[in-house]
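Worksheet: one structure, shown below.
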Amino acid sequence: NSLKMLPGGLDKRITYRRRRTWATASNQIKFVKTPGQQLVSQKVRKRVKGARTPCYLGYKAIPGIKHIRRNTVNASNKRFRTVNRAYGGVLTHDIVRERIIRSFIIQEQRIA
């Protein structure tokens with residue numbers, strides 16, 4: 001059992017509805033009112049970081065990609081997984097732009 005503060009300043013001793021009773025980062029709960037006006041606890045899932053660039057490129061979040069868990073990525077629609085451009089769901093737009101500019105500069109150096 002654990003002591004939690006509810007909205008309105010009331011404290012309710014609650015019983016977890018799952019096995020683990022420790023208040024860890026992965027075992028957070030929130031209180032929800034059922035249609036029968038009963039307060040019950042609901043498990044809160046951790047926030048998902050979503051798709052990111054590789055570590056050596058800064059591990060930045062990729063804009064336009066839905067933040068979904070790794071085990072549900074393949075089950076989701078393709079439009080949630082990619083962006084319509086080269087290296088769509090892998091690299092951010094600024095990294096792609098930088099690569100294009102770098103290749104042009106290298107090409108010009110070869111010609112000169």
>> I want to check something: taking the side chain as every heavy atom from C-beta on, are Asn27 and Lys43 in contact at a cut-off of under 4.5 Å?
In response: yes

> Does Val73 belong to the same Ile/Leu/Val/Met/Phe/Trp/Tyr cluster as Ile62, with side-chain heavy atoms less than 4.5 Å apart forming each link?
Replying inline: no

>> Side chains of Ile65 and Arg81, heavy atoms from C-beta outward: is any pair under 4.5 Å?
In response: no

>> Would you say CG of Asn84 has more than 12 non-hydrogen atoms from neighbouring residues, nucleotides or ligands within 6.0 angstrom?
In response: no

>> Using side-chain heavy atoms (C-beta onward) and a distance below 4.5 Å, is Leu91 in contact with Arg99?
In response: yes

> Same cluster or not: are Ile111 and Ile101 linked, directly or through other Ile, Leu, Val, Met, Phe, Trp or Tyr residues, by side-chain heavy atoms under 4.5 angstrom apart?
Replying inline: no

> Should Val83 and Phe80 be regarded as members of a common hydrophobic cluster, given that ILVMFWY residues are connected when their side-chain heavy atoms come within less than 4.5 Å of each other, either directly or indirectly?
Replying inline: no

>> For a 4.5 angstrom cut-off between non-hydrogen side-chain atoms, does Lys66 reach Ser76?
In response: no

>> With a sphere of 6.0 Å drawn around CZ of Arg85, does it hold more than 12 non-hydrogen atoms of other residues, nucleotides or ligands?
In response: yes

> Are any non-hydrogen side-chain atoms of Lys60 and Arg52 less than 4.5 angstrom apart?
Replying inline: no

>> Quick one: does any side-chain atom of Gln28 pair with a main-chain N or O of Thr24 as donor and acceptor, under 3.5 Å?
In response: yes

> If we only count heavy atoms from C-beta on, is the Tyr87 to Thr92 side-chain gap below 4.5 Å?
Replying inline: no

> Shared ILVMFWY cluster between Val40 and Val44, side chains joined below 4.5 angstrom?
Replying inline: no

>> With heavy-atom distances below 4.5 Å as the criterion, would you say the side chains of Thr53 and Ile95 are in contact?
In response: yes

> Would you say the side-chain atoms of Thr72 pair up with the backbone N or O of Arg69, donor to acceptor, closer than 3.5 Å?
Replying inline: yes

> When rounded to the nearest 0.5 angstrom, what distance separates CZ in Arg102 from CD in Glu98?
Replying inline: 5.0 Å

> Taking the side chain as C-beta and beyond, is there a heavy-atom pair between Ser41 and Arg17 under 4.5 Å?
Replying inline: yes

